[in-house]
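Every value quoted in this text rests on a predicted model; they were computed, and no experiment measured them. Note that ligands are numbered from 1 as they come in the structure, with each ligand's atoms numbered from 1 the same way.
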Amino acid sequence: MDRPARRKICLSLHAPFPSRTQPASPLQPLGQSLGEAGTPSAPLRWDLREERVLTLIDNGVSDVLILEAQDHLGGRVRTYRQEGVVVEEGAEWIHGGWRNPVYRVAVAIDGVDTPLPDDAFDWRVVTQDGAAADKSRYDVVETLRDTCERSDDVLLAYYGLAYGQCFLDKFSGEYGTGYDSPEGEGWLHYLEQIVNGEEGTESWLDIAAREADKYPDLGYDHQWKSGYDTLFQFYEAVIPASKIRLNSPVCRILWDEGDDKVLLVTQSGDSYLASHVIFTASFGHLKERHTNIFEPPLPESFSVHFGHMDLGVSNKIQLGWTNPWWGSKPLDLDIIWTSQDLPLDRLWLYDIVNVASVHSDPNVLQMFIMGKDSKNMENLPAETVLEHVMYLLKRITLQDIPQPDFFHRTSWYNNPWTRGAYETYITLWGDHQGLKGHDPITVPLKNSQGRQVLMWAGEHTHSTRYGTVDGAYDTGEREGYRLLDILKPGRIV
Ligand SMILES: Cc1cc2nc3c(=O)[nH]c(=O)nc-3n(C[C@H](O)[C@H](O)[C@H](O)COP(=O)(O)OP(=O)(O)OC[C@H]3O[C@@H](n4cnc5c(N)ncnc54)[C@H](O)[C@@H]3O)c2cc1C
């Protein structure tokens, strides 16, 4: 089994980088051009790039190119298949219905599946030692989520404070007597982990309440019939293969060389001249590598905000059995940790509070793990992770569980092209520094001639739906239309 190492990237490029005096590959207009203005070269990368490129192609701009670092499209949408088992490494749910653009595409391509009702699951609530916990306490969790997460104005009083403070302030009143008992503290820990799972945070005190308050709820979740990658199979079918270059990490972007073109250099040393670039790497990659990538460096007024935001780290661990040992119904098992008496090397298990069957295969159980312990888990050998989670499963079910037939775990932090999972949020520190929204990192950068050459898309550039596929999709469309506007005949910038 594997032990993922952190890969070093973009090391093979040494100065001097290809410049205007060395041959680069100017993109030639392909197919139609855009009216009288012609079609400036516009290499594009994209978050939901497919949507942006479709927006452009649909509007007559065909001189576009996607440069993708990895050997597949989709980024944090990644379906994993092994001998008939289908699981999602990244995004899994389509949040909401018609208001969600991804839902609309999914319906159009007949990809949506109806989620199972709650009562289809075998719902259990147990302590770490397998004793039944009081299920009625789940109402406390739901009430507090209704109050702090779903109501309209409660969080206003917490602007300037951490999101988690709302829950902390109200927990004892809602729980009542025993809130500070081991079981009460177990429920508080459960609640925090559910909130961390929603936000992608390591601690609910990391994210500013003002930031959490922006996120609109689009309604009930939906699932994909045959994997989230159905979406990308659709895009691959409609976008010409010539417009996609896989295995092409962009290592350098020289965006103000004096001749109105942007020069991109990939890891293999290929270079491209473009009129406009839409940069859509994840916030984790951007934050870590912007000083290496951009020449000239990004303006301080722009990059200062990278210190005010973070990309959360979340991972999944999935185990499957041909014959489910827990029974015939899909399982949904909540863990209330009334004590933390774990062996030292297994302390990371404390962050797991739910084990549930996945929609695509009820015989596969999935656990989420967030934050620092998620990073720690990534650095453990796979067989150690398996040993630890089997220890946990046996302990919480008091059953002698057979070894699984299927095991998979993700490593979103060690992936240099993502450096995290979801969501990109404004930290409490960032809020205190005056950053109140994501807009400052979405502003296109102009070169010395005053032309908008560098644009930004990706979930982190959405003002409210950051951390979602639909948020990424919207920003792709936004930048596609921005570029179309710029390319209008007669436009100066
Ligand atoms: C575990 C997990 C669970 C999630 N669950 C959900 C969910 O249920 N529902 C939901 O809506 N969202 C969910 N999300 C979030 C969702 O997946 C992301 O918000 C969304 O996919 C982000 O899209 P993006 O295009 O902004 O970034 P990405 O998907 O990260 O795409 C960026 C692309 O840029 C490429 N790249 C990076 N650097 C370079 C470079 N230098 N040169 C060239 N290419 C580069 C990357 O390889 C990648 O393909 C989840 C994410 C994770 C990880």
Once the angle between the rings of [X] and [Y] is folded into 0 to 90°, is it parallel (under 30°), tilted (30 to 60°) or perpendicular (over 60°)?
X    : Y    : value
H189 : Y350 : parallel
Y228 : W224 : tilted
H285 : F279 : parallel
W204 : F167 : parallel

Any N or O on [X] sitting closer than 3.5 Å to an N or O of ligand 1?
X    : value
A69  : yes
A421 : no
H285 : yes
T418 : no
Q70  : yes
E459 : yes
W417 : no
Y422 : no
E89  : no

Have a look at [options] and point out the one with the heavy atom closest to [atom].
atom                    : options               : value
atom 7 (C) of ligand 1  : H462, E68, R289, E92  : E92
atom 15 (C) of ligand 1 : G467, G96, A91        : G467
atom 3 (C) of ligand 1  : G90, G420, G200, S248 : G90
atom 42 (N) of ligand 1 : V250, L73, D221, D71  : V250

Heavy atom under 4.0 Å from ligand 1: found in [X]'s side chain, backbone, both, or neither?
X    : result
I94  : neither
W93  : both
L67  : backbone
H95  : side chain
W412 : side chain

Q: Would you indicate whether Y220, at its atom OH, is surrounded by more than 12 heavy atoms from other residues, nucleotides or ligands within a distance under 6.0 Å?
A: no

Check [X] against [Y] and note the closest heavy-atom contact, atom names and distance.
X    : Y    : value
L191 : R145 : CD1-CG, 4.1 Å
D122 : L331 : O-CD1, 3.6 Å
Y190 : Y138 : OH-CE1, 3.4 Å
K436 : K214 : O-NZ, 2.9 Å
L231 : I109 : CA-CD1, 4.4 Å

Q: Return yes when G74 approaches ligand 1 closer than 4.0 angstrom through a heavy atom, no otherwise.
A: yes

Is it the case that [X] and [Y] place a side-chain donor and acceptor less than 3.5 Å from each other?
X    : Y    : result
E89  : H408 : yes
T410 : R78  : no
H438 : E211 : yes

Hey, which atoms in ligand 1 end up nearer than 4.0 Å to a heavy atom of [X]?
X    : value
P249 : 42 (N), 43 (C)
T468 : 10 (C), 11 (O), 12 (N), 19 (O), 20 (C)
T280 : 32 (C)
G458 : 26 (O)

(Q) Would you compute the distance between atom CG of D334 and atom CD1 of I194 and round it to the nearest 0.5 angstrom? (A) 6.5 Å

